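Below: one structure, written as structure tokens.
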Amino acid sequence: MNGGGYAPVAAARRQRPMPADRLTSNSNETGLLINVIRSLTSSVSEDQREVEKSRLEKGYKESGALIDRLVKSKFLFRHSIVNTVQVMKIGAGIDESNEGDTTHLKQLMQLLSSQFDSASQKHAEFGVLVEKQLGRNDVLTSFWRSAQSAIEVVVSEHLDINPLLEKQNMMGSVGRKQLFRFENTACAAPNTTSSSHQAKAVICKPSAYNIKVIFPILSRLMETTEKNINDSPCELRRFMHSFVMRVFVERVKGELASRIEGALRGGEAVRISSNKKILPSCEKVLTLCKDIHDLIISLELYADRFAALWILVLTDYFKNMTDVYEKMTPKTSDPSMPSSESAPTRCQKISAAWTADDDISRLLMSLPNWHTASMSPMTPAVESEQDVGERNKKESEILIGNLGHQAQNSLNENNLITDMNDIKMFASLHESLRWFSDEIRELVYSLPAPVKLMLDTCMVQVQLKDGQMIDNNSVPSAIEDCVRRLESIADSCLLLLHIEIRVHCFFHLAPLVKYRNTSSNNEVDPEVVALGKDLHQFHDNLKDVLSPSKLSYVFDGLGHLCASLFIHYSQFMPRLTEAAKKRVCRNVWGVQQRLSRITNRRESDLDRARAFFDLLLDNTPDGILAIVPEKRSLFSATELNYLLALSVRSDKTLSNQPGALEKRQSILNSILSK
């Protein structure tokens, strides 16, 4: 008391009185304990020892009750945690207008973990004294059991769950309590049993996904608890296991299903972004996979559960992309099939049919130009035109051998892809799936070694779109299998584009063999103009989507193919007048000019085709035979035979002489055999 008869305020706070019975009990028990211990050591009489022993047993029971109140007091734990949260909020400037985040939650759990470790050490020291004086050794165990309950409350409030429900589930209770609280939602029902009036030690918005940042800290706490109480699994681990397995995994699964449905619903799967070459749907699915990847790393103990969800997402995405590709490349080949305005019928395209043919696609993918595109995914190798021509020579022969005759007789516009939106979609699909596959592999590669080891021993079963089952695959193998299947769709898209633009070349150049009245002007034929337009449309739609090496794969070799087509179709050309010969030369030059504007190369293979027809202008059939020795390196024996035959057909005299062609072919073969 001061002079005015009042105790200072600070002193009053420091000397906060305890309830009278608690003070009395504490004083009596302490004094009793000391006196009895002194009596037991100093008493001589056996009767006196028995009396003191009885007093000691009574004092032990009362002191034990006091120790239990000290060690097991949930109020003290709760009060300490609430104070810690309040101090952190003040330090971080968190209030109603400035909500905390998971960073603050992580800091809180780290601080609480440190406080529990420190308190555990003090209780361990206190437990040694209690064991010596009272013979009981449960102080530290009691502390950690109470600590678990306190941690459960903090975790429950931040995960927005009711811990009582989890405990009842583990005990087999049939009582029903609200697991997720929705008091703040617009559709919340009134809840008279809500505990919102109680003080909550919440430092950020409650969410089940907060488990990601706190689970590693909780894992260490669970290990520490089990070590101290010599009991595994501890109550906290059972609680967390129940939450993760019964609540969180199912909740994540449901949300993933909803998100992937939203990403792929309706036209979202094939919607092309105006300023990106990657499909937005692909980016959204990758975001889902990254979220699962974070869960696998954050909750390593449940990596197999979340990896299974990973495979489900990849499998669903593969099924969706397969549907997209199949709708764009229907197997029906009858263009006369009825269609409606809302769902026009697509007929199968030659490029799609060839891509779907395992033998043809395998052959085309075995050629050097495919490997060149695959080996340098971003920047194409610097090659000479001669190298490009040699690389594509074999492919030109294959295409002409398989499509040359059809192009003359039955190839029509229905066999072509003329909608440039489809062309751009195939390109976007290729780049998106290739990018997606690389990103998924990187996510798998970045998993911690212990997680990889766990997943390697976890076998899964995967059901594909066609009902095919893949059994006994490890998780990484199953993920890689899904990735390869997506890459297969990507490769099919690129191969289809490569074939499609070449089918356009066949379609436009094949009609040039037909006889037509040749005008005296210097214009090229309409087919050449149409081909140039198609080539420019392809380039305009692909240049901003395909990577440089893939764009080169589509356009490289077109000059060699067109030159080979001009020469190949010469065998079907009728008698050429001088004007017709010039027309053919103009057409070759027209194709070369239009293609050069796109590739920024001379396309010197077309120089060879022009030289082929120039020989018709400057030489008679016998004159051609005379210059064969110096031209044989430029043309093959078959091509020289085409040239000689066309020259004879175009000669007014020799074209009507029986045996004129055969005689000169015999001479040609003789020259070539030398």
Side-chain angles (χ1 to χ4, degrees), residues 363 367-369 383-405 407-408 509-510 512-513 557-578 580-589 591-592 602-674:
L363 176 60
L367 298 177
N369 49 5
E383 297 178 286
S384 67
E385 286 196 62
Q386 184 178 0
D387 292 335
V388 173
E390 285 297 320
R391 182 159 49 80
N392 288 274
K393 182 178 180 180
K394 179 65 175 176
E395 182 183 83
S396 295
E397 294 174 357
I398 294 172
L399 294 176
I400 292 174
N402 284 273
L403 195 56
H405 182 70
Q408 281 185 270
L509 296 184
L512 296 179
V513 305
L558 287 180
H560 186 280
L561 175 64
C562 290
S564 300
L565 283 175
F566 275 113
I567 295 174
H568 172 77
Y569 284 135
S570 68
Q571 64 180 306
F572 306 111
M573 291 179 180
R575 173 178 175 271
L576 295 181
T577 63
E578 291 302 308
K581 293 175 184 178
K582 293 179 181 179
R583 175 179 62 84
V584 176
C585 290
R586 284 199 307 271
N587 286 335
V588 174
W589 174 81
V591 172
Q592 184 178 25
R602 178 174 176 78
E603 297 297 341
S604 56
D605 284 305
L606 284 160
D607 287 337
R608 192 173 72 91
R610 289 174 62 189
F612 180 91
F613 290 101
D614 281 342
L615 290 175
L616 289 174
L617 283 169
D618 302 333
N619 299 278
T620 63
D622 292 332
I624 290 175
L625 289 174
I627 62 173
V628 163
E630 62 182 85
K631 299 294 184 182
R632 63 187 302 175
S633 62
L634 188 59
F635 304 105
S636 68
T638 301
E639 291 172 338
L640 288 171
N641 269 286
Y642 293 161
L643 176 63
L644 181 61
L646 181 57
S647 179
V648 171
R649 288 198 302 274
S650 301
D651 188 281
K652 294 180 180 180
T653 303
L654 295 179
S655 61
N656 296 318
Q657 288 183 7
L661 175 59
E662 290 75 9
K663 177 182 177 180
R664 284 161 178 77
Q665 284 180 329
S666 177
I667 296 173
L668 175 62
N669 293 332
S670 177
I671 295 173
L672 294 175
S673 64
K674 293 181 181 180

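These numbers come from a predicted model, not from an experiment.
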Leu606 and Cys562: CA distance, side-chain angles, deciding distance, side chain to side chain contact (heavy atoms under 4.5 Å, CB included) verdict: CA-CA 7 Å; Leu606 284 160; Cys562 290; 4.0 Å; yes
Counting only N and O atoms by type, is there a donor-acceptor contact under 3.5 Å from the side chain of Ser636 to the main-chain atoms of Glu639? yes
Reported CG-to-CG distance for the pair Leu625 and Leu640, which is rounded to 0.5 angstrom: 9.5 Å
Is there side-chain contact between Asp605 and Asn392, with at least one heavy-atom pair below 4.5 Å? no
Over all atoms of both residues, closest heavy-atom pair of Ile671 and Pro629: CG2-CG, 4.2 Å
Any donor-acceptor pair under 3.5 Å from Ser564 side chain to His560 backbone: yes
In this structure, CD of Glu395 is separated from CG of Asn369 (nearest 0.5 Å) by 4.5 Å
For Ala645 and Leu661 the tightest heavy-atom approach is CA-CD1, 3.6 Å
Phe612 vs Val588, side chain to side chain contact (heavy atoms under 4.5 Å, CB included): CA-CA, chis, key distance, verdict: CA-CA 10 Å; Phe612 180 91; Val588 174; over 6 Å; no
Shortest non-hydrogen contact from Phe566 toward Met573: O-CE, 4.4 Å
Taking every non-hydrogen atom, the tightest pair across Ala611 and Phe635: C-CZ, 4.2 Å
Exercise: do Gln571 and Asn641 side chains pair donor with acceptor under 3.5 Å: no
Indicate the atoms forming the closest heavy-atom contact of Asn656 with Lys652, along with that distance. ND2-O, 3.2 Å
Anything under 30° is parallel, anything over 60° is perpendicular, the rest tilted; go ahead and classify Tyr569 against Phe572. tilted
Check for a donor-acceptor pair, side chain of Ser647 on one end and backbone N or O of Leu644 on the other, with a separation under 3.5 Å. no
Does Ser655 reach the main-chain N or O of Asp651 with its side chain, forming a donor-acceptor pair under 3.5 Å? yes
Pair Ile567, Arg608 - check side chain to side chain contact (heavy atoms under 4.5 Å, CB included), show working. CA-CA 9 Å; Ile567 295 174; Arg608 192 173 72 91; 3.9 Å; yes
Please answer whether the main-chain N or O of Ala660 pairs with a side-chain N or O of Arg664 as donor and acceptor at a distance below 3.5 Å. yes
Is there a side chain to side chain contact (heavy atoms under 4.5 Å, CB included) between Leu616 and Ser650 once you walk through the steps? CA-CA 9 Å; Leu616 289 174; Ser650 301; 5.5 Å; no
Any donor-acceptor pair under 3.5 Å from Arg610 side chain to Trp589 backbone: no
Write down the atom of Leu617, the atom of Glu578, and the distance for their closest heavy-atom approach. CD2-OE1, 3.7 Å
For Arg602, does the CZ atom sit with more than 12 other heavy atoms under 6.0 Å from it, leaving out its own atoms? no
Given 3.5 Å as the limit, does a donor-acceptor pair link the side chain of Ser673 with the main chain of Asn669, or not? yes
